[in-house]
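Read through the structure below, which is laid out as C-alpha cells, and then see the notes.
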Amino acid sequence: MLEVSNLGVRYGRHVALEGVSARVSKGEICVILGANGAGKSSFLGAVAGLVGTEAGTRIVMNGKDVTKLDAHLMVEEGIALVPEGRGIFGELTVAENLRLGSHARRAKPDAGKMLDFVYGLFPRLAERRRQLAQTMSGGEQQMVAIGRALMSKPDILMLDEPSLGLSPLLSKELFKSLATIAAEGFGILLVEQNARLSLKTADRGYLIETGRIVGEDTAPNLLKDPKVMSAYLGDAAAAAAH
Amino acid sequence: MLILLTGLLLGGTYTLIALGLTLQYGVARIMNLANGETLVAACFVTFWLYTGYGINPLLGLLVIGPGAFVINWLIYAWLMQPLVKRARNRGMLEVDSILATFGLLFLFQGLMLQAFGGSYFNYEFLARPFSIMGDSFGLNRVVACVAAAVIAAALYVFLYHTDRGTAVRAVAVDPRAARLVAIDVRRTAAFAFALGGAITACAGTLLSTFYTFNTSMGVLFTMKALIIVIMGGVGDIRGAVLAALVLGLTETLVASLLDPGLTLAANYALFILVLLFRPQGIFGKRPA
Amino acid sequence: MNIPRNELLAVGAGLAGAAVLAFLPLVTEGFWLSVSVNIMLYAAICTAWALFSGPTHLVSLASAAFFGVGTYSVAIFIDVLPFPALVLIAVAAGALLAILVGLATLRLSGVYFVIFTLGLAELMGQIVTWVQTNFGGTIGLYIFTDLTEAHLYWMLLALTVIVFMTGWLINRSRLGLALRIIGNDEAVARHVGVDTARARIILFAVSGAFIAVAGAIMAPRYSYITPDAAFNPMTSFLVVIMALLGGTRRLWGPLVGVVPFTLVMDFISGHFPNQTAVIVGIAFLAIVYVLPDGVTGQLESLFRRRRPTDQGLLATTVEEGR
Amino acid sequence: QDPVRIGVSASKTGPLAGGASGVLWPNIKLWAEKVNKAGGLKVGDQMRPIEIVEYDDKSSPEEAVKNIQRLATQDQVDLIIPPYSTGLNLATAPLIAKYGYPQIVSTGNANDLDQFVKRWPNTFWLLGPAQGIADGIVGTLKDLRDAGKIGNRVAVVNVSDAFGLEMIKTGKPALKQAGFDIVYESSYPLGNQDVAPVIASAKAANPDAFVAYSYPPDSFALTEQAQLQKFNVKAFFVSVGGNLDAYGKRLGAAANGVLIMGGVNASDPVFQAYRKEHLEVTGQEADWWASPVAYASLEILQQAVEHVGSLDKEALNKEIQSGTFKTVIGDVHFDNNINNNNWTVGQWSDGVVHGVRATGNLQGAQQPVIKPVWPSN
Amino acid sequence: MSVPLLAIDRVRKAFGGLVAVNDVSFEVAQGELLGLIGPNGSGKTTMLNLISGALSPTSGNILLSGQPIAGLAAHKIARIGVARTFQLVRVLPSMSAVENVVAGAVFGHNRLWGGEALTLARELLARVGLKGREEIPVAAMTYIDQKRIELARALASNPHVLLLDEWLAGLNPSELRIGMELIREISAQGRTIIMVEHVMDAIRSLCQRCVVMNSGAKIADGISASVLADPEVVRAYLGDDDDA
Ligand SMILES: Nc1ncnc2c1ncn2[C@@H]1O[C@H](COP(=O)(O)OP(=O)(O)OP(=O)(O)O)[C@@H](O)[C@H]1O
Ligand SMILES: Nc1ncnc2c1ncn2[C@@H]1O[C@H](COP(=O)(O)OP(=O)(O)OP(=O)(O)O)[C@@H](O)[C@H]1O
Ligand SMILES: CC(C)C[C@H](N)C(=O)O
Ligand SMILES: [Mg+2]
Ligand SMILES: [Mg+2]
C-alpha cells in the first residue's frame with residue numbers, strides 16, 4: 001500500500017537519511033528499530049510530508065505518487081502520523097482535538113463511528129472530553145495524540161514511539177489495540193524503543209543505522225536474531241538485575 | 001441607565017475596532033500594526049462612495065467587506081507568507097511581522113495621504129436621535145453596535161461551532177500539528193488574516209458614520225485594538241468582546257461620574273486588576 | 001578579572017571610536033550635527049531598550065514614557081537646580097517608574113507587559129496633564145538653557161558609551177546569565193533558582209533610567225514642553241523598530257539598526273517630502289525581506305568566523321551582578 | 001532668473017497633520033502660485049520667482065528642528081515659513097533665531113509671549129496672546145447676558161492638551177470675573193470622540209451657555225452629541241474645528257447660531273475674493289478663521305521683502321517689527337512683535353461665519369444672536 | 001528513624017473539581033532512591049510539581065529537612081536544594097550544552113560562578129556521556145541527549161533532592177542500561193532521588209522502595225518487590241500478564 005524508495009533527507013549539510021526503501025501493506029504492522037539519532041523520526045516525518053526529501057525519493061501510496069505532496073494532503077491520501085512529542089493542540093479540548101482528527105475529507109463520513117472507536121479504546125478520553133489537552137497528564141496526552149490520528153481513518157497509521165510515557169498496563173493495551181486496528185485492515189508503521197513488546201506485536205521490522213536500512217526481516221526472526229538481541233532488545237532486565 | 005447604554009454603545013464601537021485584530025494576531029499570528037490604517041482606509045472609501053456616488057455606507061459594506069477580504073488575502077499571500085515560511089519560531093515571526101506591518105503602516109498612510117490629503121473628514125449619516133428607554137442616542141452608533149454584536153456572534157459560532165472554525169483555532173494553537181490533521185495551514189492562516197482585515201474594514205465603514213477621521217489617525221485605533229485584544233486574551237473572541245464592553249463601560253462611567261480626564265487612568269487600573277486576578281486575560285487559558 | 005582578549009579589544013575599539021566621534025561638532029555644525037544628535041539619541045535609547053528587551057524577549061513600548069519622565073524632570077526643576085542634578089532626578093524618576101510598572105506587570109508574563117507599556121506613555125501624559133490642569137499653573141513649560149546642539153551631542157555620546165559599558169558588564173554578570181535563561185524558558189529559569197521577577201525588574205529599571213536620562217538631555221531642544229510632545233508614543237515604536245532592525249542578540253545590534261535607519265529615513269524625507277510615507281513604507285518592507293536576520297544577522301553571516309560560543313559569559317568573576 | 005528659495009517645515013503626517021493640511025499647506029500653495037503668476041517676488045528691482053522647499057516634520061519636535069537645520073545649512077534657503085502649531089513654533093524658535101530668519105507665526109499662540117519675544121525678537125505672533133482668544137467668548141457671553149438674552153449659567157469643557165489648557169487657564173478666571181456661574185466643568189483627552197458623557201453631564205447641569213475649548217474631531221463630536229441629546233443652550237461655542245467650512249456643510253441649518261473661536265469679516269470683499277481664489281487653486285475651501293491668517297503671514301513676508309528691497313534677514317526683521325502690511329485680514333501692524341487685532345469669536349449664519357468679536361480695532365463685527373434650538377431631524 | 005530528608009504530609013492539589021493529588025503522605029530518607037509510580041494521570045507529575053514549587057498545594061505540608069517548603073516560589077525551593085527534570089524535556093534551546101549546565105550551577109543550591117561553575121559543568125557533562133560535545137547548541141541535539149543535559153543541569157545545583165520525571169522514557173534498551181547505570185551511580189554517591197517512571201525494569205532494579213499512586217491517592221508504599229506484587233497495583237497499573 002505504502003511504498004517508499006530511495007528516500008533521502010538532509011538537514012543543511014547533515015545527511016540524516018540516504019537511499020532508504022521500505023513498504024507497508026494493508027493489515028500489516030511494521031516496526032522500525034534503531035538507535036537514537038539513527039533517523040527513524042526523520043523517516044516518518046518525510047513520509048508524512050513534514051520534512052523535505054532529496055531528489056530521487058519516491059513515495060507511492062495506493063499506487064499514486066505522492067512524493068512532493070504537502071503534509072495536509074498526505075493525510076487525505078491516508079497517511080496519519082502521531083509525531084514525536086505528540087503535537088496535540090494544547091489549548092483546545094480533548095473533544096476538539098479528536099474532532100480535528102476527522103478534518104480530512106476522507107474521514108468525515110465515518111467520523112462518528114471512529115469517535116466511538118477511539119473512546120472505546122481510551123475510555124479516559126471520553127471522561128475528559130472537555131478538559132484542555134495541555135492539562136492532561138503525559139500519558140493521557142499520548143492517548144489524545146493516537147486517538148486524533150485514528151480519527152482521520154488512515155490507511156497507514158504511523159506512530160513515533162507511542163508507548164512513551166504510557167503505563168505498563170496501557171502500553172500492553174495499546175499494542176493489543178494496534179493489533180486490533182491492523183486486523184481491521186489498517187497498515188501500521190511503528191517506531192518504538194520498546195523493541196520486545198513491539199516485535200511481539202509486529203509482523204515485520206526494519207533496522208536502521210545512521211540513516212540507512214541495514215536489515216529487514218519478519219518480526220519473529222528478528223526477535224531471534226542475536227545481533228538484534230544485543231543491540232535493540234539489550235535484555236536490559238537481565239543485564240540490570242544483579 | 002443613560003450611562004450604561006452609552007457605555008454599551010462605546011463598548012460596541014471598541015468591539016468593532018478589536019475583532020479584526022483578534023483574528024489577525026490571535027490566529028494568523030501577525031501582529032498587524034497597519035490594522036488602524038486598514039480601518040481608516042475603509043473610512044475614506046466609505047466617505048468617497050457616499051459623498052461621490054451616493055452609496056449608502058451600509059450598502060457600502062457589501063463592497064468594502066469583500067474588497068478588504070481580497071486585498072488582505074493578497075497581502076498575506078505576498079507579504080506575510082514569506083515571513084511565515086522563513087520564521088524558525090513564533091518569536092521570529094512576531095518580530096518580522098511587526099517590522100513588515102510597520103512598513104505597511106507607512107505605505108498605507110502614504111497612499112491615503114496622496115489620495116485624500118491630511119485634513120479631517122466626516123459626513124452625516126443616520127445622525128438621528130434614536131431613543132432607547134427615554135434617552136436618545138445616535139442612530140449611527142446604535143447601528144454600529146448592533147453590527148458589532150452580529151459580527152461577534154457570527155464569528156463566535158464560526159470559530160467554536162463549525163469544523164472550519166475549529167481548524168482556524170487549531171492553526172492558531174499549533175500550525176505544525178495542524179498540518180497533520182489535513183488542515184491547509186497556509187490557506188487557513190490567509191483566510192483568518194483576510195477575514196480579520198475584512199472585519200476591520202467593516203468596522204471602519206461603520207465608525208466613519210460617526211467619527212471624524214484623517215490620514216494620521218490609524219495608530220490610535222491600532223493601539224486601542226491591541227489593548228483590547230490582549231486584555232481579552234489573545235485570539236479569544238469572547239474575551240475581546242468582554243474587554244471591549246468593560247472598557248466602554250468604565251470609560252463612560254468615569255467620564256460621567258468622575259472626570260473625563262481620568263478615563264485612561266481608569267483603563268489602566270482596570271487592566272491591572274484584570275492582570276492581578278486573571279493573569280492570562282479574561283478568558284485566556286492558563287499556560288501548562 | 002580575566003577578560004578575553006577579543007572583548008578587551010572590542011571595548012578599546014569602542015572607546016577609541018567614541019573619542020573620535022567626540023570631535024564631530026568641531027568639524028560640522030548645522031544640519032549634520034542635528035542628524036548626529038538624532039542618531040546619538042536613538043543609539044542610546046535603542047541600546048538601553050535592548051538591554052532589557054533583548055534577553056527577555058519582552059517588547060517594551062514604554063520608551064516614550066521614560067523619555068517623557070526625563071524631559072519633565074528637567075522641565076519642572078530647570079529654574080531651581082543645575083542641569084547635572086536634573087539628570088540625577090531623571091535617573092531616579094525613570095528607575096522608579098520602571099520598578100512600579102515592573103512590580104505590577106513583570107511577575108506575569110508576555111503580552112500583558114507589552115500592552116501595558118504600550119499605553120504607559122499616554123497614561124503618564126494624561127496624568128501630567130491632569131495634575132497640571134487641576135493643581136498646576138501652566139501646561140506648557142518653557143525651558144531656556146544655554147546648551148547648544150554640540151553640548152547635547154556630547155552628552156548623548158557619553159550616555160551611549162555608559163549604556164554600552166553597562167550592557168557589557170551586565171552580560172558578564174549573573175544577572176546577564178539569568179536573563180538569557182529566562183529568555184529561553186521561564187519555567188526552567190525558576191526551577192534552576194532564578195528569581196525571574198526580580199531579575200527583570202532590576203534590568204527594566206536600569207533600562208528605564210537610561211532612557212529617562214536621554215529624555216532629560218533632549219529637553220533643552222524642545223524649548224517648550226507639552227505632554228503630547230514629551231510622551232509621544234511614536235518614540236516607543238521607532239525605538240523598537242530600529243532595535244529590531246539591527247537585531248537584539250548583540251549589544252551593538254541596535255546601533256547598526258539606528259544609523260542606517262536614521263540616515264535612510266532622513267534621505268527619503270529630504271528628497272521626497274511629499275511621498276515620504278509611501279517610500280519609507282516600501283523601503284522598510286524591502287529591508288525586512290532583504291535582511292531576514294536584521295542588520296546584525298547580515299553582518300554576522302558576512303564575517304562569520306568559527307569561534308567557540310560565548311565563552312566570555314563565564315570567564316569572569318564579576319561578582320553578584322544581581 | 002535666480003529663484004528665491006523659501007523653506008517650509010510643517011506637519012504632513014502625525015497628529016498635527018490634520019490642522020496643517022487644512023490651514024497651512026494650501027495657503028503656501030496658493031501664495032506661491034499667485035506670486036509666481038504675477039512674475040515673482042520683487043526683490044529690489046528684480047522680479048524673482050519663488051521656489052518652495054518643503055519638509056514634513058511628522059508632528060515631532062526632533063524632526064522639526066532637524067528640518068530647520070537642513071533648510072538653513074544644507075538648502076541655505078532665503079526665507080523660512082515656520083511650522084504649524086504652538087509647540088513646534090516654540091521648539092524651533094531658538095534655531096530659527098540662530099540663523100536670523102524672521103518667524104511669522106500664524107498658527108500658534110501662547111501666554112507669556114512677551115517674555116518669549118524678548119528672548120527671540122525675530123518671532124512674530126499673528127494670533128496674539130492666547131489670552132485674547134480665550135477671553136473672547138467670555139466677552140460675547142457677557143454682552144449677551146447684559147442684554148438680558150442669556151442667563152448666568154455656563155458649562156465649560158476643554159480638550160486636555162496644550163491648546164485646551166492654555167485656553168482654559170485664562171478663560172475660566174475670565175468667566176468667573178465676569179460673574180458667570182460655572183455649573184459644569186471638565187476636560188477630556190485629546191483624540192476622544194466619544195463625548196456623549198460630556199454632553200450628558202453638561203446637559204444635566206442645565207446651563208445657559210456651553211463653551212468648549214476643543215479641537216476638530218471633538219468639535220464635531222460635541223456638536224453632534226448636543227444635537228442628538230437635544231442639548232439646547234442659548235449660546236453654544238466650539239473652538240478649532242468650528243471654523244472649518246466642512247463644519248457648516250456638515251451641519252447645514254443646524255449650524256445657525258453656533259459660536260466659534262476666531263472669525264472673519266465675511267462681508268469684506270478682499271476676504272471674499274481670497275476665499276474664491278483659495279478654492280480655485282487648492283481645490284479646498286478656506287476656513288473661517290485661520291486660513292486667511294496663514295495667508296496673511298505670507299503676504300507680510302512678501303511685503304517686507306518688497307519694502308526692504310533685499311533678502312537681508314536683519315533688515316527684514318526690523319521691517320516686520322515696525323511696518324504695516326496690507327493683507328486679507330486687513331492692515332497688520334505688530335506691537336512689540338505681537339499682533340493685537342484679532343477676531344476672537346464668530347458665529348455661523350446660513351453657511352457663513354461672521355465675526356462677532358475681535359480684539360483691537362478690527363471692523364465689521366456683527367451682533368451675536370442667541371442660538372435657536374437644534375432643528376429636529 | 002531520624003528526621004526524614006523530605007516529608008510529604010497530607011498534601012492535596014485540586015484543579016477545580018478534579019483532585020489530582022488526594023491527601024498523600026510519604027517520607028523520603030536521606031540517600032534514598034524512591035520510585036513513584038502509578039497509572040497515567042494518577043498525579044505523579046503533579047506531586048513533583050508540588051515539591052518543586054511549580055504548583056502550590058491546596059492543603060498539606062511539605063518539609064525539607066524539617067523546613068516547610070510547600071507553596072514557596074519555585075526559585076526559592078530550587079535554592080534550598082530541590083532540582084528536577086521535566087517529563088517533556090525542557091532545555092534552553094539557544095544556549096550551548098555547557099551553558100545549560102552552568103545555569104544549574106550558578107543559580108541553584110550550589111551558587112557557583114565563573115571558572116568553578118564551568119569546571120563543574122564540564123565534569124557533569126562528561127559524567128552523563130556528553131564529553132566533547134560541550135559547545136554544541138542544544139537545539140541541535142537529539143531527545144536523549146537533551147535528557148542528559150537536563151540531568152546534568154539538575155545535578156549541577158548540587159541538590160538535596162533530585163526529582164526525575166520519566167527521565168528514562170524513550171530510551172532504547174541499550175541506552176536504558178546506560179541511563180540506569182547513571183542513576184545508580186548518582187544514587188550511590190548519596191544523592192536523594194525521587195524517580196517517576198513507567199519502565200518497570202528500571203524501578204525493579206534501581207528502587208528499594210516504591211510509592212504507588214492511583215487517581216490521586218497513594219495506594220501502596222513499601223519494598224518494591226512486594227509493592228509490585230500487590231494485586232491492586234497489578235490490576236490498576238501493571239496489567240496481568242508477566243511481561244513488561
Ligand atoms: N531539524 C533538524 N535539524 C538538524 N538536524 C536534525 C534535525 N532533526 C533531526 N536532525 C538530525 O538527524 C538525525 C536523525 O534524527 P531523527 O530524529 O530522525 O532520529 P531518531 O532515529 O528518530 O532518533 P531518536 O531515537 O532520538 O528519536 C540526528 O542526527 C539528528 O541530530
Ligand atoms: N492544570 C490542570 N488542570 C486540570 N487538570 C489537570 C491539570 N494538571 C493536571 N491535571 C490532571 O490531574 C491528573 C494528574 O496529572 P499528572 O500529570 O500528575 O499525572 P501523572 O501521574 O504524571 O501521569 P502520567 O504518567 O501520564 O504522566 C490528570 O488527570 C490530569 O489530567
Ligand atoms: C489656534 C490654533 C491654530 C493653535 C494650534 N492649533 C496649536 O496647536 O496651538
Ligand atoms: Mg525519534
Ligand atoms: Mg506525568
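Bear in mind the structure is a predicted one, so any value in this text is a computation, not a measurement. Every chain is numbered from 1 and lettered A, B, ... according to where its sequence line falls, protein lines coming before strand lines.
Annotation: the span from Asn192(D) atom CG to Leu220(B) atom CG amounts to 11.0 Å, rounded to 0.5 Å. From Leu228(D), atom CG reaches atom CG of Leu139(B) across 9.0 Å, with rounding to the nearest 0.5 Å.
Both the backbone and the side chain of Gln229(D) come within contact range of chain B, each with at least one heavy atom under 4.5 Å from a heavy atom of that chain. Heavy atoms closer than 4.5 Å to chain D are found nowhere in Phe106(B), neither backbone nor side chain. Contact of Thr6(B) with chain D is made through the side chain alone, with heavy-atom distances under 4.5 Å. Both the backbone and the side chain of Thr13(D) come within less than 4.5 Å of a heavy atom in chain B. Within the 4.5 angstrom heavy-atom criterion, atoms from both the backbone and the side chain of Phe210(B) approach chain D. At a 4.5 Å heavy-atom cutoff, the contact between Pro15(D) and chain B is made by backbone atoms alone. There is no contact between Ile3(B) and chain D, counting heavy-atom distances below 4.5 Å. Heavy-atom distances place both the backbone and the side chain of Tyr211(B) under 4.5 Å from chain D. With a threshold of 4.5 angstrom between heavy atoms, Glu185(D) does not approach chain B through any atom at all.
Environment of NZ in Lys172(D): sparse, with no more than 12 heavy atoms of neighbouring residues, nucleotides or ligands closer than 6.0 Å.
Most heavy-atom pairs under 4.5 Å with chain B, from the set Gly22(D), Ala196(D), Gly14(D): that is Gly14(D).
Closest heavy-atom contact between Gly18(D) and Asn214(B): CA-ND2, 3.2 Å. Contact between Ser21(D) and Gly118(B) at its shortest, heavy atoms only, is OG-CA, 3.2 Å.
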### Task
Tell me, with the steps shown, if Tyr14(B) and Asp194(D) meet side chain to side chain contact (heavy atoms under 4.5 Å, CB included).
CA-CA 11 Å; Tyr14(B) 287 165; Asp194(D) 304 296; 4.0 Å; yes

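Distance alone, capped at 3.5 Å, is enough to place a donor-acceptor pair between the Gln193(D) side chain and the Thr212(B) backbone.
Contact annotation: the side chain of Arg141(B) never approaches that of Glu224(D) to less than 4.5 Å [non-hydrogen atoms, C-beta and beyond]. For the pair Pro217(D) and Tyr120(B), the minimum side-chain heavy-atom distance is below 4.5 Å.
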